[in-house]
Amino acid sequence: MSKGDNSPSPKAGGVAAAMSALVLAVLLAALDQTIVSTALPRIAEDLNGFDDIAWVSAAYLLASTAVTPLWGKLGDMFGRKRLYLGSTSVFLVASVACGLARNLPELVGARVLQGVGGGGMIVLTFALVGDIVAPSERGRYQGLFGSVYGVASIVGPLLGGVFTDQLSWRWAFLVNLPVGIVALAIAARLLPTARRGTRGARIDYLGATVLAAIATGLVLVTSFGERWGWGSSAIVGLIAATVALAVALVPVERRAAAPVLPPTMFASPTVVFSSLIAFFANAAMFSVLVYLPTYLQIVHGVSATLSGIHMLPLVAGLVVSQSLAGRRAAHVERLRTILLAGLAANLAGLLLLGTIGAATDTLVLSVFFLITGVGIGMVPMVVLTTVQNSVPTADLGAASAVVTFARSIGAAFGVAVFGTLLNTGFADRTSGLPTGGGFDATRPDTISSLPGALRDTALDAFAHAMAGGYLWIAPALVVGIVLALFLKPARESGETTTTDHSESADQSATTDHSKPVPVAGPGTDPVRTA
C-alpha cells in the first residue's frame, strides 16, 4: 500500500488473489470490444440497424474515454476500492441491459452506461496496483494486464463468433455477468479499503466536463471522420471545438480546488512524454491487432477461428516480452532502455509488415508477427509504471488516468487513420477493375465475387494497401523513440512521490513519522520529493 493509508498491506498470497480479481476485470473490459465487433453484423440484422450500427462500438469507446480522468481523480479523493466495486457493478448491470436490448437505441444507451463502468474498471485497476504493491514491483504486475489485452484481441473474436453462430449475439454481453460476479466477490474481500486523498475538497465538475467534451470530440472525429468526410463541416467543427477546449483546460484546472488533472502534471516532462509515447504506441498496436486478422481472412482465405491461430506468434511475443519487461522494470534505470528496445522492435515489426503481399508465406508472416508482438509487449505497462513512480501518492489515480486516456485516444486514432489508409489505398489500386457482379472497390469483402485472375489482382491490391498503411503508421513510432530518448524516469529527473499530506493530520496522533511507512508487498516506498 502507498503511504498515508491505514489499512494493512496484503500478504503475498493476498496480493496474488487481489491481482486475480483485477486481471478478471481488465479481461472483461478488454474482451468486450473484441467480442462485440464479431457480433455486429448479426446485431444489425436482428435489430434492423445497419445504418447506425457503428454507434454500438463508438458509444462504449466514447463513454469509457470521457469518464477516465474523473474516475481516476475520484479514486484519489474517496478511495479506489469502493469506486472500483461501483464501476464494476455498473458495467455488469449495463451488460445485462445490452443483452436484453430490444432495439438499437436501447443497445446504444446501454453501451454508454457500460462504457462509464468499463472506463472506471480500467483506470482504477491500474491505480490499485500502485496501492497494493511496492514501486519496485509495479512493472511486474502491470505486465500482466498488457498480456491480457493481447490475449483478448485474439480470444475475443473467437468467442464472439462462437456465441453468434452457436447461441446468440446476446451472450457476447451476458457472459460478463458470471465472470464479473467472481471478480467482484474477490475484490470486495481482498482489495485494500483505505480512504485516500483530499478530504472535504469539492469535485472539479467544470474540469471533468471539459475533459469529457474533449474526449467526445476526439472519439467522434476518429470514429466517424471517414464516414462523414474528413473535410465536412461536422468534422472540421468538431476538430476546432476540441482544440479550443484543450486550450481552455489548463486555466480551468489551475483555478480548481481539487483539479481532475493537477496542473503539476502539465509541467512534468515524465508524465507528458510518457503519455505521448502511450498515444503513439497504442495507435500502432491497434492498427496491428484490429486489421491483421482482416488481412488473413481476406487475402489468405482463412476463417475467423484460423486467423486467431495464425496470430498466436504475435500473442506469444507480446506475453513473453511483457513479462520480461515487467520484471526488469523493477530497476528504474532500465525503464528508458526497455521503452527504447520495445519501440524499436515494434518499429521493425511495422517495417516488416510493410513488405507483405498476397503471396507472403505463412512462416514468414509468423516471424513478422512474433517480432511485432515482442515490440508491442514491452511498451504500454512500462510507460504506466514510469508515470506512477514519478507522481505524488495523492495523484496516483489521476496520473494513471492521464496515461489510460492517452492510450484510449491513441487506439481510436490508430484504427481510424489506418482504416482510412487501407480503404483509400485499396480503392486506388482497384479503380480499373470492373464493378459488375457485386464487386465494390470500397468494400474488400466483395473481392470473392470477382473471377479468377481479377480476384488475384484485387487480393494483391488489398495486401499492398495493408502494407502501405503500416509504412505510413511507422513514423508514429519514430516519434515515440525520440520522446523516449528525452524521458527521464523518477530517480533521474527528481520527479518523485511524496506522502499524502492531506491525510497526515489525521494520522499524526497515531503514526510515528520518524519511521518509514510500509507499503504493500516486498520492500518499502522511499520518501521522495515532487
Side-chain angles (χ1 to χ4, degrees), residues 34 37-38 146-162 281 284-325 341-380 414-415 418 421-422 425-426 429 444-445 447-448 450 452-453 455-474 476-477:
T34 53
S37 63
T38 308
S147 300
V148 167
Y149 276 101
V151 172
S153 67
I154 304 303
V155 175
L158 302 182
L159 289 177
V162 171
M285 179 173 76
F286 275 83
S287 68
V288 169
L289 295 179
V290 170
Y291 287 102
L292 277 183
T294 302
Y295 162 81
L296 291 168
Q297 292 172 42
I298 290 179
V299 177
H300 288 264
V302 302
S303 65
T305 302
L306 285 178
S307 69
I309 294 174
H310 278 71
M311 293 282 286
L312 286 178
L314 187 146
V315 176
L318 186 155
V319 171
V320 172
S321 67
Q322 189 85 69
S323 176
L324 294 177
L343 290 166
N346 202 347
L347 175 60
L350 287 189
L351 294 177
L352 290 172
L353 291 175
T355 68
I356 61 176
T360 304
D361 184 74
T362 301
L363 180 60
V364 173
L365 285 175
S366 296
V367 174
F368 291 177
F369 292 173
L370 178 64
I371 294 171
T372 306
V374 168
I376 288 174
M378 294 175 70
V379 177
V415 170
F418 190 88
L421 292 170
L422 177 60
F426 178 69
R429 286 176 170 83
D445 59 322
I447 291 177
S448 58
L450 289 169
R455 182 170 62 250
D456 291 341
T457 300
L459 290 175
D460 189 63
F462 183 81
H464 282 90
M466 179 79 69
Y470 287 123
L471 292 178
W472 277 106
I473 292 289
L477 292 176

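Values below: all heavy atoms of this structure, side chains included; hydrogens, waters and symmetry mates excluded.
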K.L.:
Please report the interatomic distance OG(S287) to CG(L422), rounded to the nearest 0.5 Å.
P.N.:
10.5 Å
K.L.:
Are Y470 and F418 an aromatic pair, judged by ring center distance below 6.0 Å?
P.N.:
yes
K.L.:
Side-chain contact, heavy-atom cut-off 4.5 Å: M311 with L292?
P.N.:
yes
K.L.:
Minimum heavy-atom separation for A463 and G357, please, with both atom names.
P.N.:
CB-C, 3.4 Å
K.L.:
For S366 and P313, work out which heavy atoms get closest and say how close.
P.N.:
O-CB, 3.6 Å
K.L.:
For the ring pair (Phe, Tyr, Trp, His ring centres under 6.0 Å) test, which of H300, H310, H464 pairs with Y295?
P.N.:
H300
K.L.:
Give, for atom CG of D361 and atom CD1 of I356, the distance between the pair rounded to the nearest 0.5 Å.
P.N.:
13.0 Å
K.L.:
Might you point out which heavy atoms bring L343 and A281 nearest each other, and give the distance in Å?
P.N.:
CD2-CB, 4.4 Å
K.L.:
Could you check whether any side-chain heavy atom of V299 comes within less than 4.5 Å of a side-chain heavy atom of T294, counting everything from C-beta outward?
P.N.:
no
K.L.:
Please round to the nearest 0.5 Å and tell me the distance separating atom CD1 of I376 and atom CZ of F369.
P.N.:
10.5 Å
K.L.:
Taking all non-hydrogen atoms of both residues, which atom of M378 and which atom of S321 are closest, and how far apart?
P.N.:
CG-CB, 3.6 Å
K.L.:
Going by heavy atoms in the side chains, are D456 and D460 under 4.5 Å from each other?
P.N.:
no
K.L.:
Given side chains that start at C-beta, do those of V374 and V320 come closer than 4.5 Å, heavy atoms only?
P.N.:
no
K.L.:
Provide the closest heavy-atom pair for L352 versus F368 in the form atom of the first, atom of the second, distance.
P.N.:
O-CE1, 3.4 Å
K.L.:
Side chains of L350 and V288: does their closest heavy-atom pair fall under 4.5 Å?
P.N.:
yes
K.L.:
So how far is it from L296 CG to M466 CE, rounded to the nearest 0.5 Å?
P.N.:
8.5 Å
K.L.:
Which atom pair, heavy atoms only, marks the closest approach of G354 to A467?
P.N.:
O-CB, 3.3 Å
K.L.:
How many angstroms lie between CG in L314 and CG in L370, if you round to the nearest 0.5 Å?
P.N.:
8.5 Å
K.L.:
Output the distance between atom CG (L312) and atom CG (L318), rounded to the nearest 0.5 Å.
P.N.:
12.0 Å
